[in-house]
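Accompanying notes for the structure given below.
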Amino acid sequence: MDYKPQQIEKKWQDAWRTSRAFEVTEDPARPKFYCLEMFAYPSGHAHVGHVRNYMIGDVVARMKRMRGFNVLHPFGWDAFGLPAENAAIKSNTHPETWTLDNIAHMKGQLQRLGISYAWEREIATCLPDYYRWNQWLFIRMFERSLAYRRRSTVNWCPSCQTVLANEQVVDGGCWRCGTPVTTRELEQWFFRITSYADELLDAIAKLDEWPEKVLTMQRNWIGRSEGARVRFALAGPPQSPSPDPIEVFTTRIDTIYGATFVLLAPEHPMVERFAQESADPAAFRASVNRFRSQDRTARMTGEVEKEGFDTGRKTINPFTGAAVPIWVANFVLVEYGTGAVMGVPAHDERDYEFARKYNLPIQVVVRPPDGPTPDVEKMTEAVSNDGVLVNSGPFDGMTSDAAREALTAEAVRRGIGEGTVQYRLKDWGISRQRYWGTPIPMLYCDKCGIVPVRDEDLPVVLPKTAEFSGRGDSPLAQIPEFVNAICWKCGGPAKRETDTMDTFVDSSWYFFRFCDPKNDAMAFEPAKATYWGPVDFYSGGIEHAILHLIYSRFFTRVFRDLGMVGMDEPFQRVLTQGMVLRNGQVMSKSKGNVVDPDDMIQKFGADALRVYVTFVAPPEKEIEWTDAGLEGSFRFLARVWRLVDAVCDTIAGDGIPAPTGTDLDESERALRRKTHDTIRRVTQDLDPRVHLNTAVSALMELVNELYQFCDRPGRSIAVRRGETAAPAGVVERKETVAVLKEAVEALVLMLSPFAPHMSEELWERLGHTGGIAATAWPEYDAEVAKAEEVVVPVQINGKVRARLTVPAGTSDDDLQVLALADRQVQVHVKDKPIKKIVVVNGGKLVSIVV
RNA sequence: GCGAAAGUGGCGGAACUGGCAGACGCGCCGGACUUAGGAUCCGGUGACCGAAAGGUCAUUGGGGGUUCGACUCCCCCCUUUCGCACCA
């Protein structure tokens, strides 16, 4: 009977569905395991890149289930977002229709892959029974000042016509479409993620099962730097003096005696005031505007040449007492620190470049710890390392470290500054001027101001009818029935907020909803989230290293502080899987290089596809798709199939005792050894390591060994076609049958996470009922796996010159004697004196030096 | 520029704590079976010698070092990928 994957796969997928094989409930008696792959954006069609991610999780889930864990393995849809709305504009469908159709299609694709999902827990974030809890949480955050509204300059994508969070600006472009980002002034809702900045940063140290790379990215993203704010008073007036000082942020207050100018960002509020107070405000503004209009992206990434212009005003260096000029500089960022910096050209590269260009004074105030004070005349670049202070009055001779402390203390004493911690991380702007998202549940009442919607009035349902203009004004604002509401506080008229939430809100807590997905009284029951959480194994793309993974860590803390979950971190272990490329490029519709899993299933079956994507490379690595590789995986499965087909009648059924150590001949002992060694290797490769590729190769080796075993002369169970051929009536030794049964069954069980359909079918044909999913993982017996004879290589001067075959456990002394007696060894040693002889690691190898 | 990771046959990759480099698969070559095979099975696949057993040499980006022994550890260099990129 040939291997025909399609019928088998259909049969078992149906069986799993009807028996609800992967549905679970909390069971305190068993260890839990929460296995999750990043849920999918329903873009239309799953491609093999998705398949790879889901396979990694499914292999882990199925293996853990067999190893006795209560495994939660759910799936859902990150269903709000722009493409649905764009599709609606383009093809005149409703975003909901488009989304739900895509979900239906992709769900079918995933089901044809035989992934062991608890489908009853499926969620879609675009449905009110999900997003109402976004709204609920938003209100809780509002009550705690974790959600607030302010007018601010925001990142704007002209193509998507919406605001972007800082995290969503990648290389100055939109994370989704790459269009260069511009700015706008808008009233926006923000989540105060910065309240958790320290905690998010400190806890990174405890995430020891996350990829180092992701942690580094998060550390950089949070970007904590310790420094000081110092206020520089304005110097006497050309015209009218301003009382407000200029506050700068610096991490190098130790160099403040060298601050010979102060730089303002073009957007700094003081700049406009200086313009007003200047002799020629128009000319002043023109100069500033030249910088402001410079390409924002280029300015941010330092591609633009450093330029500035003198405001004509001066400020007093509070430590030297000198009046120093105030310049506007295009490279100073308004959004970082205070938007103003002190210029210390001797010790900062940018300031040095700027000072040289505009001929500003340079004052050295730090010398190297073991060298002389640099001579300004001979300097060709700034000396930015820490050192020892000079030309710094009473602080001379202090190290930079000590000086930072002393100078900060002095600033505090004089009331002109204080130590501070500055983060790169900004609060998360979540307002989006688009339709297809969660309505922000807020009312604006003329009398009462900003009023949150009452819990009992949730959800604020997204209206079905809306104009999708794509023009950048919120579509919801065009719907009077939506906008006009009653303020529940005063009963007067109120307007609804018409922006929707960033879809990253949806994905920041969905893993908790999976713990209790049908709950319509609360987001989830705390006890359930606490039973299942945190996610033990989470796999997905590296592109979420900062966005999704940092927001989720933030939300988990918010839920914790609401008393909803008993954990700080959402994900115990994170695996970032490599992408699937074709012709060296990411698969995408526009490039026309998408491999549709359904085509592959049609040709080779889901099991072959599953084996291929797990075998071809380690999960973290990128892979290049090849059809030949997939065929190879199919061949392997067909080989397993033929093997089991050939031996099935011999080994199926009860009454075959488990093999024991005694009475086995050499080939039988060898096979048992291989079986148990394979169990050990595969088990360790899957848990705790997730080396799926080497686990598959271990199984391949076992199959090769089984072919050899069955094909030994005289066996009746030869699998080679045309040689079935042992003399009629040959009956195998009962020991042979027992050993073979053990090997084949272990093989089928261990193959089942990779090729579940075929394995179930073979398991059934081997006479078992109840299904593999409910069968225990094979146990490894170290005694059996132990080799009886070992081959010990003998090295002479580092090169292997002989191999000794000796019984396991031969003593070191005996090995030395045997090695020296070996003919090959003697040939190489000849009459050279032996300098040293070493037996390593309990008889693994003999090393002779002559 | 800064930081991190990586570099192994024709290709994907393996080698766990420093101990037989190249497992497993793809591809290729040969053979068996066959009317036929792009199916299947067996064997080979760094170079050279040999019919074979076997032998000799080379070898993990390059150079140096530590060690009885280095893909693995240390130093320098080269290349690639990724991340950050005027953050004061």
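Numbers restart at 1 for each chain; the letters A, B, ... are given by sequence-line order, proteins then strands. The shown structure was predicted, so the numbers you read here are calculated from the model rather than taken from an experiment.
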- Note on the structure: Rounded to whole Å, CZ of A/Phe615 lies from P of B/rA23 at a distance of 12 Å
- Step-by-step side chain to side chain donor-acceptor pair (under 3.5 Å) determination, A/Asp198 to A/Tyr423: CA-CA 9 Å; A/Asp198 261 331; A/Tyr423 296 95; 2.6 Å; yes
- Task: Assign A/Glu701 to base, sugar-phosphate, or nothing according to its heavy-atom contacts below 4.0 angstrom with the strands shown.
- Result: sugar-phosphate
- Query: P atom, B/rA23 versus B/rG43: distance in rounded Å?
  - Reply: 15 Å
- With a 4.0 Å cut-off on heavy atoms, is A/Asp351 in touch with a base, just the backbone sugar-phosphate, or nothing at all? nothing
- Query: Checking all strands, does A/Arg224 fall into the base, sugar-phosphate, or nothing category for heavy-atom contacts under 4.0 angstrom?
  - Reply: nothing
- A/Arg252: which of A/Asp254, A/Thr255, A/Thr250 passes side chain to side chain donor-acceptor pair (under 3.5 Å): A/Asp254
- Does A/Tyr707 have A/Arg639 sitting over its ring (NZ/CZ under 6.0 Å from centre, angle to axis within 45°)? yes
- Item | Syn or anti conformation of B/rG37, syn meaning chi within 90° of 0 | anti
- Message: Less than 6.0 angstrom from the centroid, inside 45 degrees of the normal: does A/Arg424 satisfy that with respect to the ring of A/Trp221?
- Response: yes
- Round to a whole Å and report the spacing from CH2 of A/Trp625 to P of B/rG12. 17 Å
- Task: Just call it for A/Thr216: base, sugar-phosphate, or nothing, with non-hydrogen atoms closer than 4.0 Å on any strand.
- Result: nothing
- Determine whether any donor atom in the side chain of A/Gln795 lies under 3.5 Å from an acceptor atom in the base of B/rG19, or the reverse, and answer yes or no. yes
- Item | Atom-pair distance (CZ on A/Phe634; P on B/rG25), nearest Å | 17 Å
- Item | Rounded distance in Å between the C1' positions of B/rG12 and B/rU8 | 12 Å
- Just call it for A/Gln708: base, sugar-phosphate, or nothing, with non-hydrogen atoms closer than 4.0 Å on any strand. sugar-phosphate
- Message: Over all strands shown, is A/Gly632 touching base, sugar-phosphate only, or nothing at heavy-atom distances under 4.0 angstrom?
- Response: sugar-phosphate
